[in-house]
Structure formats: C-alpha cells, structure tokens
Amino acid sequence: YGAFELKFDFKLTAGANSGVKYFVNDSDKSKGSASSSLEYQIVDDASIDAAELKRLLGSLADIKAAQKSRGTTKRMGEWNQGVIRVLPSNIVQYYLNGTKILEFERGSGEFKELVAQSKYKDVPGFGMAPKGKILLENNGSSVSYRSIKIQELK
C-alpha cells in the first residue's frame, strides 16, 4: 500500500507491547521485524518509563510522541480503535478512538531531523518506501486485534 487509511481495533493487557508497522518491504532483511518501516506504537502506557515518551500508545515508535488528552485511551481490557491515515501528499495522521493524536510529513525537514535523532539514524531511507505491506508486531505480550480494514486513498 502507498496512500491508505487503516482502521483497527485493539485490546491491551497489562504490560503489553506491540505495534502496527507499515511500508514493510521484502528487501528489509532485519531480524525479528522490519527495521526500515514506520510503526504505530501499541503499548500499555503504565509500563513505560517517563523517559520513553516516544514509545507511548499511539506514538510514531521511537521517533515522535503522541499528543493524547486525558480520557483518549479506554480502560485496560476494553477495545480501542486506531487509525493510520497516509495521504498521497506524504502527510501521516494517527488517530486513537476518534481523536487525532499525531501528524507528520514523511520526507520533511522535521521528519528527517527526528529520524536523525532516533535509533534509525543509520537506516538508509528510513520510512520513505513508496509502498509496502502491513505487519502486526508482537513483543511477546498479549494484545488482541479485530476489525482490521484498509482502504486505498487516491
């Protein structure tokens, strides 16, 4: 997929750590999961150290923290809805339960600066694949997904 809207419901358990990766390519030979793809972080915020703000639920994992207000996330064990919207203009938007929590532009100066300050700084072309697959990541904890729907955007 290139430009798309992906909607998915997810339910966390205590300590859960997962994610939805996109722009995953077969050429990515990294161990475990795709290291050159972008990720909508799915995690139990209570299990995150304050220093790890770029890993909060709904963040662009390890790159940019989500901006959530109180009450955006449902209680542990309840279903949440995430949305990843990638516009043809390379604007990417993340939503959590109907609230926009993050926006960035792939390839922009801000995006390149954020990547340069992240663990992905040495990955050539990080997050810039024109198209790719979707991957549900699991780091050994229990996370449930349902109602996964994708629509290409023109």
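For the single chain, residues carry numbers from 1 onward in sequence order.
In terms of hydrophobic clustering, with Ile, Leu, Val, Met, Phe, Trp and Tyr side chains grouped at heavy-atom distances under 4.5 Å, Ile84 and Ile150 are assigned to a common cluster. Hydrophobic clustering keeps Leu87 apart from Tyr94 (ILVMFWY residues linked when any side-chain heavy atoms are closer than 4.5 Å, directly or through intermediates). No continuous path of hydrophobic side-chain contacts links Phe126 to Ile91 [ILVMFWY only; heavy atoms under 4.5 Å].
The backbone N or O of Phe111 sits less than 3.5 Å from a side-chain atom of Ser108, completing a donor-acceptor pair. Counting only distance, with no hydrogens or angles, the side chain of Ser59 and the backbone of Ala61 share no donor-acceptor pair below 3.5 Å. At least one donor-acceptor pair under 3.5 Å links the side chain of Gln41 to the backbone N or O of Ser18. No donor-acceptor distance shorter than 3.5 angstrom exists from the side chain of Ser144 to the backbone of Phe10, with no hydrogens or angles considered.
Heavy-atom minimum distance, Ile63 versus Leu114: CG2-CB, 3.6 Å. The minimum heavy-atom distance linking Leu56 with Val43 is given by the pair C-CG1, 3.7 Å. Heavy atoms only, all atoms of each residue included: Ala16 and Ser47 are closest at O-OG, 4.4 Å. Across every non-hydrogen atom of Leu102 and Leu60, the tightest pair is CD2-N, 3.5 Å. Here the shortest heavy-atom pairing between Ser142 and Thr13 reads O-OG1, 2.6 Å.
Donor-acceptor pairing under 3.5 Å is recorded for the side chains of Glu103 and Gln93. Glu137 and Asn17 share no side-chain donor-acceptor pair at under 3.5 Å.
Tyr95 meets the ring pair (Phe, Tyr, Trp, His ring centres under 6.0 Å) test with no other residue; sequence neighbours excluded. Leu136 pairs by the side-chain contact (heavy atoms from CB on, under 4.5 Å) definition with Val20, Tyr145, Ile148, not counting sequence neighbours. Residues satisfying the side-chain hydrogen bond (donor to acceptor under 3.5 Å, both in side chains) criterion with Lys74, sequence neighbours excluded, are absent altogether.
Taking a 6.0 Å sphere around CZ of Arg146, one finds it holds more than 12 heavy atoms contributed by other residues, nucleotides or ligands. The environment of Lys68 atom NZ is dense: over 12 non-hydrogen atoms of other residues, nucleotides or ligands sit within 6.0 angstrom.
The residue from Lys54, Arg55, Lys21 that alone fulfils the salt bridge (Lys or Arg N to Asp or Glu O under 4.0 Å) condition with Asp62 is Arg55. Put simply, the residue from Asp9, Asn80, Val83 that forms a side-chain contact (heavy atoms from CB on, under 4.5 Å) with Asn97 is Asn80.
A salt bridge links Lys64 to Glu110: at least one charged side-chain nitrogen sits closer than 4.0 Å to a carboxylate oxygen.
Between atom CZ of residue Arg85 and atom CD of residue Glu5 there is a gap of 4.0 Å, rounded to the nearest 0.5 Å.
Both cation-pi conditions hold for Arg106 and Phe23: the charged atom is under 6.0 angstrom from the six-membered ring centre and inside a 45 degree cone around its axis.
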